[in-house]
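Read through the structure below, which is laid out as structure tokens, and then see the notes.
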Number of protein chains: 2
Amino acid sequence: MTESGSDTWLALAGQRLSSAGLKAGAARTAVIELLANEGRCLLSPQEIATKLQGGSSGSIASVYRTLDCLHELGLVRRLDGQDGVARYEINHPGHVHHHFFNEATGAVTPFEDQELDQLIREIAQRLEVRVTSYDVILRGVNGK
Amino acid sequence: MTESGSDTWLALAGQRLSSAGLKAGAARTAVIELLANEGRCLLSPQEIATKLQGGSSGSIASVYRTLDCLHELGLVRRLDGQDGVARYEINHPGHVHHHFFNEATGAVTPFEDQELDQLIREIAQRLEVRVTSYDVILRGVNGK
DNA sequence: TTATATGCAAAAGCTTTGCATGGGT
DNA sequence: ACCCATGCAAAGCTTTTGCATATAA
């Protein structure tokens, strides 16, 4: 049985965190495990904190600190929503997806498109820049 | 002499605002004229307010209200930055551009790519959605 | 004259930070 | 032992809102 995406991400996270000289505390571990399980698409810090409220660990401050840290290490992607709330999702190397926001319902639909990713690489070449991250955000409504 | 882009936008803005039953006050007029002159690429509300401080009109509240209003009418585009600040630029119909953020310097480079815009239309079709707005955000550094 | 616009100040959020305590290695 | 992590509460920010006044049409 091949290793699941979550497991590889979890392993990568543990590796990078210890490489950075960081120690595994209860709150950060809880956030990371939550992300590994259900962090595939855009969770807000508040949502994460709420989901963690069952356990004894995971103050809102630690959630923010953990997300900051993971973002700096390239372990999560961050999207800043129009509602002034930042949302995060795990960053799977070589497995990018993008987002369609339904403005009528608020629903978010992730999608992939290799052609799009390829074209962006070409654009980066043309601009003579090295792109370390990118987002494609579509907004609209269903139908047609 | 052909009408400049700013003038067409200014005309369109006046038209849509009055169609919406809104009245032309000093503060909003000042913001709109500023945008027409130098609102091609990503200004923050604070920057706009500062540029307006010379005149007697343009409190920060009115700047926010004006931008909100223009955004609802589709007259400006809005991008939410990673620093928690929303930035606006005039929305030229049929003249989309996107943004490269240099993470080292903070500089923003706008770019256009018709192939990209076309591909996004195709993706919208595939997803069976009607896209009313979209952003492509590149981040990275110069070189290579 | 009536509905909208404006400015000020207060309020509302989200996010960050200081500090004392607890925990990993 | 030493350094990092955590929680709480306070502070910092951007943005929104209430309200009285001024102004466009």
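- A straight line from OH of A:Tyr88 to P of C:dC14 spans 14 Å, rounded to a whole angstrom.
- Between B:Tyr64 and D:dT15, a side-chain N or O to OP1/OP2 separation shorter than 4.0 Å is present.
- Place A:Ala27 and B:Arg87 on DNA chain D by their nearest nucleotides, and A:Ala27 ends up nearer the 5' end.
- As a whole-Å value, the separation of B:Gln53 CD from C:dT6 P is 17 Å.
- The CG-C1' distance, from A:Leu67 to D:dT6, rounds to 15 Å in whole Å.
- Contacts of B:Ser57 with the nucleic acid, taken as non-hydrogen atoms under 4.0 Å apart, involve only primed sugar atoms and P, OP1 or OP2.
- Rounded to a whole Å, the CG atom of A:Asp68 is 8 Å from the P atom of C:dT17.
- Contact annotation for A:Ala61: base contact, defined as any heavy-atom pair under 4.0 Å involving a base atom.
- Between A:Tyr134 and B:His99, a ring centre-to-centre spacing not shorter than 6.0 Å is recorded.
- Using a 4.5 Å heavy-atom cutoff, the side chains of B:Val136 and B:Asp113 are not in contact.
- Among the atoms of the strands shown, base atoms are found under 4.0 Å from some heavy atom of B:Arg65.
- To the nearest angstrom, P of C:dT25 lies 8 Å from NZ of A:Lys23.
- Residue B:Ile48 contributes atom CD1, which lies 14 Å from atom C1' of D:dT14 at whole-angstrom precision.
- The two residues A:Leu17 and A:Cys69 have their closest heavy-atom pair at CD2-SG, 3.7 Å.
- Between B:Leu52 atom CG and C:dG7 atom C1' the separation is 14 Å, expressed in whole Å.
- Tested against A:Asp80 for a side-chain contact (heavy atoms from CB on, under 4.5 Å), the candidates B:Leu79, B:Ile137, B:Asp80 yield a single pass: B:Asp80.
- The separation between B:Ile60 atom CD1 and C:dC8 atom C1' is 13 Å, rounded to whole Å.
- Side-chain nitrogen and oxygen atoms of A:Ser62 include at least one within less than 4.0 Å of the OP1 or OP2 phosphate oxygen of D:dG7.
- Considering only side-chain atoms of A:Leu22, the nucleotide from D:dG7, D:dA5, D:dT15 that sits closest is D:dA5.
- Both B:Ala26 and B:Asp83 lie near DNA chain D, and the one whose nearest nucleotide falls closer to the 5' end is B:Asp83.
- Across all strands, B:Ala24 comes closer than 4.0 Å only to sugar-phosphate atoms, never to a base (heavy-atom distances).
- Salt-bridge check for B:Arg77 with B:Glu89: passed, with a basic side-chain N closer than 4.0 Å to an acidic carboxylate O.
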